[in-house]
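Reading through the structure tokens given below for one structure.
Letters A, B, ... are given to chains in the order of the sequence lines, protein chains preceding strands, and every chain is numbered from 1.
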Amino acid sequence: MTKKLLLIDGNSIVFRAFFAMHTQMDRFTNQAGLHTAAIYGFKLMLDHILADFQPDAALVAFDAGKTTFRTERYAEYKAGRNQTPTELTEQFPYVRQLVKASGMHAYELPNYEADDIIGTLAQAGDQAGYETLIVSGDRDLTQLATEHTTVAVTKKGVTQTEHFTPAYMLEKLGVTPTQFIDVKALMGDSSDNYPGVTKIGEKTAISLIQEYGSLIGLYEHIAEMKKSKRKENLINEKEIAFKCQDLARIRRDAPVTVSLADLTYTGPDHAALVDLYQELDFKSFLTKLAPDEATAPTGEAAVTFTPLTAASLAAVGQLKAPLTLHIEQSQANYHLAKVEGFALGDGQHWFASRDATLLTQAPIKGLLADPKVAINLFNAKAHLVLLNRLGIDLTGIDFDLLLASYLLNPTLNADDVGTLAHEHDYLAILSDEELYGKGAKRQLPTDDAVFLRHLVAKGQAIAKLQPQLVAKLKANEQWPLYTQIERPLSTVLAQMEMAGIKVEKATLEAMGSQLSERLSELETAIYQDAGEEFNINSTKQLGTILFDQLGLRPIKKTKTGYSTSVAVLEKLVDQHPIINKILAYRQIAKLQSTYIAGLLKVIHADDKIHTRYLQTLTATGRLSSVDPNLQNIPVRLEEGRKIRKAFVPSQPGWQIFSADYSQVELRVLAHVTGDANLQADFLAGEDIHAATARRIFHLLPDEEVDPNMRRQAKAVNFGIVYGISDFGLAQNIHVTRKQAHEFIQAYFAEFPGVEKYIHDIVASAREQGYVETLTHRRRYLPDIHAKSFNLRSFAERTAMNTPIQGSAADIIKMAMIKMPAALQAHGLQARMLLQIHDELVFEAPAEEIPQLAQVVPEVMDSAMQLAVPLKVEKKAGATWYDLKKLPD
DNA sequence: CTTTTCACG
DNA sequence: ACGTACGTGAAAAGT
């Protein structure tokens with residue numbers, strides 16, 4: 001067996017951990033006020049790597065101090081760095097303790113950096129026949145990759161890593177690990193503060209090293225390079241380049257005083273870890289460390305409850321509101337799920353049973369249907385639907401742990417009580433995955449004692465977390481968002497889902513057979529063109545046919561091979577007749593599999609489709625729709641649009657009615673930016689994209705906006721909402737990057753309020769760590785501080801886009817909440833069925849349509865008062881396909 | 001179980 | 001100099 005050596009770059013991982021958890025810094029302090037986020041993150045990473053790699057020998061290297069041989073040779077090395085915050089420096093001693101308690105060696109060497117220790121030991125490991133894994137947050141260490149040494153660099157957070165082998169580097173960067181040093185020499189490193197050669201960045205550096213093989217090779221052949229500014233710079237700065245090469249090169253001969261034999265990994269020292277965790281208040285690590293083996297499974301507190309039977313039902317009547325209810329479903333789709341069991345209690349007494357029929361009997365049914373009895377639970381909408389199926393009208397919902405937690409942080413993706421409770425530091429419960437298992441192995445405990453105790457533990461977690469989360473919502477100014485928007489919305493959504501939309505099977509089936517015919521014709525023709533049969537649905541096989549067999553030029557690569565996406569295929573249309581056939585095949589295959597077969601599979605016995613809206617999923621506050629997704633039924637292309645013919649009213653003589661907000665996101669933009677020109681354009685009530693075109697192309701009042709100008713202005717408007725870049729815009733409208741840049745500049749000149757807003761929102765995200773919508777819906781953006789340009793830019797675009805997209809979501813939600821009462825007040829039978837982000841779809845008796853066309857837009861455009869009017873367009877027709885615009 | 005592609009706002 | 005549009009869900013292939 002090959003021995004395995006683990007080398008960890010302590011400093012860089014601790015830094016990564018610190019900044020990864022920066023936004024939650026305040027949550028991570030022990031009772032003495034010591035910050036612990038970096039220690040915590042470091043331990044997460046450690047556990048992950050140790051479980052994964054299982055080393056025989058291990059060492060964590062740290063930097064010894066500020067001065068090293070590099071600073072002696074180049075005084076500016078790492079100069080100008082911000083001072084490490086004390087919140088971080090105070091954690092280093094504990095990290096070292098943690099390393100030792102985990103059975104690993106911590107090591108540092110005066111005058112050298114952690115990198116050099118690692119480089120030296122990795123080399124020793126290679127020579128001694130070890131398989132070595134280096135873990136760092138710093139890409140520079142990839143230069144140490146060899147056939148037997150892999151370098152894992154943290155990607156996002158601390159537990160996700162990207163593994164660099166020499167082959168992977170060649171593929172990804174185009175250079176070998178050794179060449180990487182020379183690339184750094186040319187491009188420099190701004191964070192380590194050495195310059196490289198003027199005007200040479202990563203791309204140029206890589207192509208130069210690829211061409212000449214090495215830095216030395218480049219200077220040997222510099223005379224042959226054709227005259228250019230770059231050549232001049234290279235000649236003038238030759239000395240700097242070699243200096244930088246010296247700085248970039250990690251030493252493999254540092255005078256380390258440990259040998260591989262000293263580094264044996266001994267595994268964790270339990271007693272030492274317990275002491276340390278206690279000092280740090282690491283409760284979750286403590287419970288993992290000391291499972292209560294005799295009794296409960298890890299983390300599940302002993303709970304007392306009464307197993308409920310028909311005979312003992314009366315005792316439930318003694319419970320005092322507020323009550324906490326948890327119903328366990330057999331599957332996520334609550335339209336079909338069975339009730340596996342439930343727990344009900346008031347914080348003092350708990351009852352639990354596997355028998356769902358008990359819910360439908362007195363006194364439980366009465367308590368649940370009583371609006372004066374406050375109910376706490378997890379996932380209000382699921383409970384509303386499940387209980388409705390049992391004939392119970394749940395009315396008194398007060399606290400929904402899932403919804404409250406989502407508002408506090410929409411990017412947590414826990415969807416069971418246990419996991420979510422852990423996120424809020426409540427640990428006396430197991431997650432479903434821990435108790436039930438996952439995937440195919442998932443199974444509910446057959447033992448009543450274990451299963452019912454878990455359901456009660458869920459109830460207790462909900463009851464316990466309520467006051468805490470309510471206080472947080474109030475502190476965040478999110479209480480109205482919870483009580484006035486999201487909580488009532490649950491009920492409205494439940495009604496829409498239960499109503500369902502009628503879909504005609506026969507219509508879909510008829511379309512399906514037509515599509516099948518066309519598919520087999522196209523298939524034959526494609527095989528003919530290709531000269532052989534293959535799986536057209538396989539991108540891999542298709543890539544081989546197009547680019548290897550037919551010799552077409554690959555336009556783009558994915559990480560697994562050639563890209564064959566529409567964008568690529570469209571560029572190849574003129575090269576070969578097979579391309580158009582593949583495009584047609586793809587389009588039809590998509591309709592057939594996703595929309596014909598897919599929808600047929602989910603039509604219920606009542607001939608309706610009952611989607612589920614996920615109210616706590618998206619990062620922006622939008623809804624999403626699953627089982628099936630009814631928010632992406634085709635509309636843009638006629639062939640796909642025909643699918644909508646199958647969506648029909650549920651009763652004869654009824655029609656489909658739809659109302660959509662016109663340009664909500666841009667109107668929200670006009671509101672939040674306060675931009676006078678953008679607001680004026682909306683107040684004038686003209687075509688907004690044409691108005692934008694007039695401004696950015698400086699048209700005279702009597703000049704006409706040609707369609708191309710309008711198209712470009714529209715793309716600019718979209719770009720602004722998405723967090724614009726010249727590159728992205730250029731790609732979208734097929735102009736040069738320079739032109740795109742000019743469009744954006746022209747836009748900002750005309751709409752200075754928008755430019756200021758973009759600047760301010762990014763600054764505010766940096767300061768506060770989050771952004772907000774008009775209703776104080778919040779999204780944290782930890783990556784706004786990321787060192788990686790990519791991650792940081794992404795966070796900046798998100799900072800810009802989320803308040804816009806999220807506020808638009810707020811607005812339609814407010815309209816939806818008011819809708820049922822408004823319909824009822826007008827004595828209408830109409831029912832709201834679907835929400836598609838900026839559109840609401842209804843069904844109603846034909847004779848109600850004129851009234852509906854009044855009432856619905858009125859509710860929608862008065863949902864929130866903005867600085868510009870909200871405009872609503874309406875349509876009606878016999879099916880979802882046949883909708884025709886109604887006059888204003 | 002991840003990757004690629006494509007449907008929607 | 002850096003490298004891209006924002007937010008979703010479903011199907012199919014392939015590891």
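- For a distance-only test at 3.5 Å, the side chain of Ser624(A) fails to qualify as a donor-acceptor partner of the base of dT8(C).
- Regarding contacts with the backbone of dT4(B), a side-chain N or O of Thr560(A) is found under 4.0 angstrom from either OP1 or OP2.
- A side chain to side chain donor-acceptor pair (under 3.5 Å) with Tyr562(A) is found for exactly one of Asp548(A), Thr539(A), Thr544(A), namely Asp548(A).
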Q: Tell me, with the steps shown, if Thr558(A) and Ser563(A) meet side chain to side chain donor-acceptor pair (under 3.5 Å).
A: CA-CA 5 Å; Thr558(A) 67; Ser563(A) 170; over 6 Å; no
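- The separation between Ile643(A) atom CD1 and dC8(B) atom P is 11 Å, rounded to whole Å.
- Across dA10(C), dA12(C), dG7(C), the shortest atom-to-atom separation from the side chain of Ser593(A) is found for dA12(C).
- Taking 3.5 Å as the limit, the base of dG3(C) and the side chain of Arg737(A) contain a donor-acceptor pair of atoms between them.
- A donor and an acceptor atom, one from each side chain of Gln210(A) and Gln179(A), are nowhere located under 3.5 Å apart.
- If you check the side chains of Thr411(A) and Asn409(A), you find a donor sitting under 3.5 Å from an acceptor.
- Base contact: Gly719(A) has a heavy atom under 4.0 Å from a base atom.
- As rounded to the nearest Å, dG3(C) and dT5(B) have C1' atoms that lie 22 Å from one another.
- Val721(A) comes within 4.0 angstrom of no nucleic acid atom, judged by non-hydrogen atoms across all strands.
- With hydrogens and angles left out, the side-chain atoms of Glu162(A) and Tyr168(A) include a donor and acceptor closer than 3.5 Å.
- Here, dA7(B) and dC2(C) have their C1' atoms 33 Å apart, quoted to the whole Å.
- Residue contacts for Ala619(A): at a heavy-atom cut-off of 4.0 Å it reaches the sugar-phosphate backbone alone, with no base atom in range.
- With centroids closer than 5.5 Å and planes inclined by less than 30 degrees as the test, Phe789(A) and the base of dC2(C) fail to qualify as a stacked pair.
- Under 4.0 angstrom from either OP1 or OP2 of dA12(C) there lies no side-chain N or O belonging to Thr539(A).
- Between Ser563(A) and dT5(B) there is a side-chain N or O to OP1 or OP2 distance below 4.0 Å.
- At least one side-chain nitrogen or oxygen of Gln541(A) sits closer than 4.0 Å to the OP1 or OP2 atom of dG14(C).
- Taking side-chain N and O atoms only, Lys540(A) has no distance below 4.0 Å to OP1 or OP2 of dT3(B).
- When only modelled atom types and interatomic distance are considered, Ser658(A) and Glu839(A) share a side-chain donor-acceptor pair under 3.5 Å.
- Listed pair Asn535(A) / dA13(C) meets the phosphate criterion, a side-chain N or O lying under 4.0 Å from OP1 or OP2.
- For dA5(C), neither phosphate oxygen OP1 nor OP2 lies less than 4.0 angstrom from any side-chain nitrogen or oxygen of Arg797(A).
- The CD-C1' distance, from Gln731(A) to dC6(C), rounds to 15 Å in whole Å.
- Atom CG of Leu623(A) and atom P of dC8(B) are 19 Å apart (whole Å).
- For Gln631(A) against dC8(B), no side-chain N or O and base N or O form a donor-acceptor pair under 3.5 Å.
- When heavy atoms are screened at a 4.0 angstrom cut-off, Leu614(A) is found touching the sugar-phosphate backbone but no base atom.
- Remark: Thr558(A) is in phosphate contact with dT4(B), judged by side-chain N or O atoms under 4.0 Å from OP1 or OP2.
- Here dG7(C) is the nucleotide among dT5(B), dG7(C), dG3(C) with the atom lying nearest to any side-chain atom of Asn801(A).
- If you check every strand for non-hydrogen atoms under 4.0 Å, Ile200(A) touches nothing.
- Scanning atom types as modelled, one donor and one acceptor separated by under 3.5 angstrom connect the side chain of Arg636(A) and the base of dG9(B).
- Residue Thr594(A) places none of its side-chain N or O atoms closer than 4.0 Å to OP1 or OP2 of dC6(B).
- Backbone-only engagement by Ser565(A) is indicated by non-hydrogen atom pairs under 4.0 Å involving sugar-phosphate atoms exclusively.
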Going by atom type alone, with no hydrogens or angles, which donor-acceptor pairs under 3.5 Å involve a side-chain atom of residues 581-589 of chain A and a protein atom two or more places apart or on another chain?
{"unit_1": "Lys581(A)", "atom_1": "NZ", "unit_2": "Asp529(A)", "atom_2": "OD2", "d": "2.7"}
{"unit_1": "Arg586(A)", "atom_1": "NH1", "unit_2": "Thr564(A)", "atom_2": "O", "d": "2.9"}
{"unit_1": "Arg586(A)", "atom_1": "NH2", "unit_2": "Thr564(A)", "atom_2": "O", "d": "3.2"}
{"unit_1": "Arg586(A)", "atom_1": "NH2", "unit_2": "Thr564(A)", "atom_2": "OG1", "d": "2.7"}

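- For dA1(C), one of the phosphate oxygens OP1 or OP2 lies less than 4.0 angstrom from a side-chain nitrogen or oxygen of Lys199(A).
- With distances taken from any side-chain atom of Ser725(A) to the nucleotides dA10(C), dG7(C), dT4(C), the minimum falls on dT4(C).
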